[in-house]
Amino acid sequence: MPLVHLTDLISKPDNTYAIGAFNVSDMEMAMGAIKAAEELHAPLILQIAEGRLRYSPLDLLGPVMIAAAKKCSMPTAVHLDHGSTMETIKLALDLGFTSVMFDGSKYPLDENIARTQEVVKLARSYGADVEGEIGRVGGAEGDYKSVDVLVTSVEEAKRFAEESGIDAMAVAIGTAHGNYKEKPQLRIDRLKEIHAAVKTPLVLHGGTGLTEEDFRTCLANGIQKINIATASYDASAAKIKEVAAANPQAKYFDFSDAIVQGTYENVKKHMHIFGLEQKA
Ligand code: 13P
């Protein structure tokens, strides 16, 4: 199956499901995600965030992600998550990623729009799609500094969507990256208002730790892409510990299998919640 684009997967608004975008950091995690997609006959987005490249350099992992997506028998897009520098964004595009996120949420609105426009211009020359962010999702993705949530305003979302030229828009409605220390207060009221005001497909970051009901409410109210990272890392780490505890003689390859299995179980669980079975 050829690589597909982000827009191929999220441009058909349907409030009964959302596409899962799963962060991976090695070949085993990509294999686990693909196994889940094939078993459920579900479309897939494989992604890696710029803040995690210290562990998984993009020039090494990127080609693995592309090869994994091409090998997957379900439609699969390969996406750069939270791109912050033009250098990394250009490298992802050169490697054949079908979409990139530029996270300009730390900049004032005008600057976020201007910088995102530059990324859109570059991505278009590769035929790739772009995700932007407006407002600020809380927590930290990878090596970045943790930030507080800044809930997206409807007016800013409207201007950002109209002027930046993006294909998908990450909005801040109370979620944060990483594990929640206390129950997040989701602003579904704000999500509804943004969805009514803006046509651009909406993206939910900080998926780890939300309840099934939270996910279903979000996808019923306009979220078309949901990002899951920490839950896959935690599931894989837990599986490694389980294997080590059960068998002190466990070998390297038993741990490789544990990563595949941990990611597979977590991706499958979320694909089921997101309503993705048989949606490929
Ligand atoms: P979590 O780590 O909370 O699942 O967030 C993932 C994410 O939003 C990646 O951009």
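If you read the sequence from its start, that first residue is 1, and numbering goes on from there. Counting convention: from 1, in listed order, for ligands and their atoms alike.
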Numbered atoms of ligand 1 (with element) below 4.0 Å of [X], judged on heavy atoms:
| X | result |
| --- | --- |
| T208 | 1 (P), 2 (O), 3 (O), 4 (O) |
| A176 | 3 (O) |
| E141 | 6 (C), 7 (C), 9 (C), 10 (O) |
| I228 | 4 (O) |
| H82 | 10 (O) |
| H205 | 8 (O), 10 (O) |

Quick one: does [X] get a heavy atom under 4.0 Å from ligand 1?
| X | result |
| --- | --- |
| G209 | no |
| A231 | no |
| G207 | yes |

Ignoring angles and geometry beyond distance, decide whether [X] reaches within less than 3.5 Å of ligand 1 through its nitrogen or oxygen atoms.
| X | value |
| --- | --- |
| D81 | yes |
| A229 | yes |
| Q47 | no |

Apply the side chain to side chain contact (heavy atoms under 4.5 Å, CB included) test between Y264 and each candidate in E39, K269, K239; give the one that qualifies.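 That would be E39; it is the only one of E39, K269, K239 passing the side chain to side chain contact (heavy atoms under 4.5 Å, CB included) with Y264.
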Tell me, which protein residue and heavy-atom name are nearest atom 8 (O) of ligand 1, and how many Å apart are they?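 Here the closest protein heavy atom is G206 N, 2.8 Å.
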Nearest-contact summary for atom 2 (O) of ligand 1 - protein heavy atom, Å: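 The closest heavy atom on the protein side is T230 OG1, 2.5 Å.
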Closest by any non-hydrogen atom to atom 3 (O) of ligand 1: pick that one out of G142, G139, G178, G138.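 When every heavy atom of G142, G139, G178, G138 is considered, G178 comes closest to atom 3 (O) of ligand 1.
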Would you check if Y144 and H177 make a side-chain contact, meaning some heavy-atom pair closer than 4.5 Å?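 Not in contact.
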Identified side chain to side chain donor-acceptor pair (under 3.5 Å) counterpart of T7 within the set D129, D167, T98: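 Of the listed options, the one satisfying the test is D129.
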Do you see a donor-acceptor pair shorter than 3.5 Å between the side chains of S99 and E131?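 There is no such pair between these side chains.
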For the residue pair V120 and G165, what are the closest heavy atoms and their distance?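 Heavy atoms of V120 and G165 come nearest at CG1-O, 3.8 Å.
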